[in-house]
Amino acid sequence: MKIHEYQAKEILKKYGIPIQDGVVITELSELQAALDHVEKELNSKQFVVKAQIHAGGRGLGGGVKFSPDRAKAEENAKNILGMTLKTHQTGPDGQLVRKIMITEAIDIAKEYYVAITLDRAKGKNVIMASTEGGMEIEEVAAKSPEKILKAWIEPGFGLQAFQARQLGFGLGLEGEQLKQFSKILAKLYTCFLQTDAEIAEINPLVVTDQGNVLALDAKFNFDGNALYRQKEILEFRDIHEEDPTEVEAAKFNLNYVKLEGNVGCMVNGAGLAMGTMDIIKFKGGEPANFLDVGGGANVETVKNGFRIILSDPNVKAVLINIFGGIVRCDRVANGIVEAVKELDLNVPVVVRLAGTNAELAKEILASSGVAIIPADGLADAAEKVVAAATGGQ
Ligand code: ADP
Ligand code: MG
């Protein structure tokens, strides 16, 4: 689960990490009070207006604006609040900006990158640090990987002081900044562990002209499976930032991920779902989604799955690919028939069922009177659904 920058900063603050604070507003009527706060409490005549969305790269997309005076801050706030911000992480449709943060502009001497995540290959958490802060770290990793310093944490020992110092030296820090940096890393590591984060990232961590080290931007991603014991983190959830069909699917325990293509897929088992997407692409089509209805699919699951797939206006044909192991094909067939009758279906549906009670399932489908295109085998099914999605050409 992702959260906003201002929420990430609240968490950092709780762990004693110095942050650049600001005021978050959702309506322009709150703007004057926010600007007053920055002027009076933070003692700054210059502002930065920052869009709050769950995506990085806001600066490059025009969602972070330096404002040298109050009038300019007002203008930027009016433009950013309510805009549809596109960054390399929002997808082509962009994301509506519902909240903005007003902060003081600070004099930055240097920007650094710091993040903690799990290195699955090594089975250890890794701290990454780089002098190339503020930039897209993916680009740094691709073009100059040597500029990303790493330290792996032994689970039984935790982060050691020498590791933090080594990273700090590697970044060229010394004296007071090195001390501050080491303290920040230790706190960030505790925070990462205690919040069940998958990633905790500060980009940039800045050294100011006055010599202070603080977090100017922060991002977290939390382990969804741990949220049951992270009540405070769960409070930060903002479903406006999530795909509405994914939110709906989660209510029914369906593993659904929306994609950009036009072939809707309903499959049982994540592996088969991945394989189905592969073969659709192999046959020249583009999957509209990943959907794993799970091992115990019943009539209700199939119906809900269908509803969610069809709520995507891009879907031009649907492929149902079920391997009956624990789930029996006849149950799935009944689910399909009920769903099709109920849902006023207007796109072709190709069905491939194999495994337990597949023959019975085919009979149910054939005698149901609903318009379904039966397929034998995965290749046949993929060809048929791709042809159906492109209007049979
Ligand atoms: P994003 O990573 O989404 O682009 P950031 O919060 O990291 O957003 O801001 C992008 C860049 O804007 C920073 O790397 C920094 O150079 C500059 N910036 C952001 N906030 C301030 C500020 N308060 N004062 C000065 N510069 C800032
Ligand atoms: Mg950033």
Side-chain angles (χ1 to χ4, degrees), residues 2-13 17-25 34-35 37-39 41-70 72-73 76-77 79-81 83-91 94-117 128-141 147-148 171 184 188 199-221 238 241:
K2 291 183 188 166
I3 58 173
H4 290 290
E5 170 199 357
Y6 76 93
Q7 299 167 324
K9 283 176 165 173
E10 269 179 43
I11 297 174
L12 294 184
K13 196 171 171 181
I17 295 172
I19 55 161
Q20 197 219 6
D21 222 341
V23 183
V24 176
I25 63 168
L35 294 170
H37 178 88
V38 173
E39 272 191 11
E41 306 294 325
L42 307 176
N43 237 333
S44 175
K45 296 256 174 271
Q46 299 192 316
F47 309 84
V48 175
V49 180
K50 307 180 82 176
Q52 299 294 300
I53 58 166
H54 283 190
R58 293 165 302 163
L60 289 175
V64 177
K65 292 274 192 211
F66 171 71
S67 317
D69 55 43
R70 197 163 167 131
K72 196 72 192 155
N76 286 330
N79 288 338
I80 295 176
L81 190 62
M83 83 185 283
T84 300
L85 180 56
K86 285 183 205 162
T87 81
H88 68 288
Q89 289 182 1
T90 57
Q95 184 71 39
L96 178 66
V97 179
R98 295 167 187 271
K99 291 178 184 168
I100 55 172
M101 188 186 210
I102 312 287
T103 71
E104 92 253 48
I106 53 167
D107 299 317
I108 301 173
K110 179 95 186 92
E111 304 193 21
Y112 299 92
Y113 174 92
V114 178
I116 307 177
T117 190
M128 296 176 283
S130 176
T131 51
E132 307 306 293
M135 296 185 34
E136 297 312 327
I137 201 66
E138 294 84 356
E139 210 176 305
V140 182
K147 289 192 175 152
I148 302 178
L171 297 179
I184 289 174
L188 187 63
I199 185 160
E201 181 188 80
I202 302 178
N203 185 25
L205 178 76
V206 300
V207 176
T208 65
D209 280 356
Q210 295 72 32
N212 298 319
V213 185
L214 50 89
L216 199 72
D217 183 18
K219 244 198 205 156
F220 280 89
N221 203 347
D238 182 353
E241 297 287 319

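Every number for a ligand or one of its atoms is a count from 1 in the order of the listing.
- Within the 4.0 Å cut-off (strictly below), a protein heavy atom is located near atom 22 (C) of ligand 1.
- Every atom of ligand 1 with a heavy atom of Asn203 under 4.0 Å away is listed here by number and element: 7 (O).
- Within the 4.0 Å heavy-atom criterion, both parts of Ile106, backbone and side chain, lie near ligand 1.
- Of all the atoms in ligand 1, the ones that sit under 4.0 Å from a non-hydrogen atom of Arg58 are 1 (P), 3 (O), 4 (O), 5 (P), 6 (O), 8 (O).
- The backbone N or O of Phe66 lies less than 3.5 Å from no partner atom in the side chain of Lys72, so there is not a single donor-acceptor pair.
- Between Glu5 and Lys50 there is a salt bridge, since a side-chain N of the basic residue sits under 4.0 Å from a carboxylate O of the acidic one.
- A donor-acceptor pair shorter than 3.5 Å cannot be found between the side chains of His54 and Asp238.
- Shown in contact with Ile108 at under 4.0 Å from a heavy atom are these atoms of ligand 1, numbered in order with element: 25 (C), 26 (N).
- Looking at Lys9, its side chain never comes within 3.5 Å of a backbone N or O of Asp21 through a donor-acceptor pair.
- Listed by number with element, the atoms of ligand 1 under 4.0 Å from a non-hydrogen atom of Thr103 are 23 (N).
- Residue contact check: Gln20 has heavy atoms under 4.0 Å from atoms 23 (N) of ligand 1.
- Between Val64 and ligand 1, not a single N/O pair is under 3.5 Å apart.
- At distances below 3.5 Å, not a single donor-acceptor pair connects side-chain atoms of Thr87 with backbone N or O atoms of Arg58.
- Nearest-heavy-atom check against atom 18 (N) of ligand 1 across Val48, Leu60, Leu216 picks out Leu216.
- Listed by chain and number, the protein atoms of type N/O/S under 2.8 Å from the Mg ion (ligand 2) are Asn203 O, Asp217 OD2; waters are omitted.
- Contact analysis leaves Lys219 out of contact with ligand 1, as no non-hydrogen atom separation drops below 4.0 angstrom.
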Tell me which donor-acceptor pairs under 3.5 Å the side chains of residues 95-102 have, and how far apart each pair is, sequence neighbours excluded?
unit_1	atom_1	unit_2	atom_2	d
Gln95	NE2	His240	O	3.4
Lys99	NZ	Tyr6	OH	2.7

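- Atom 16 (O) of ligand 1 has as its closest protein heavy atom Glu111 OE2, 2.5 Å.
- To the nearest 0.5 Å, atom CD of residue Gln46 and atom CD1 of residue Ile106 are 12.0 Å apart.
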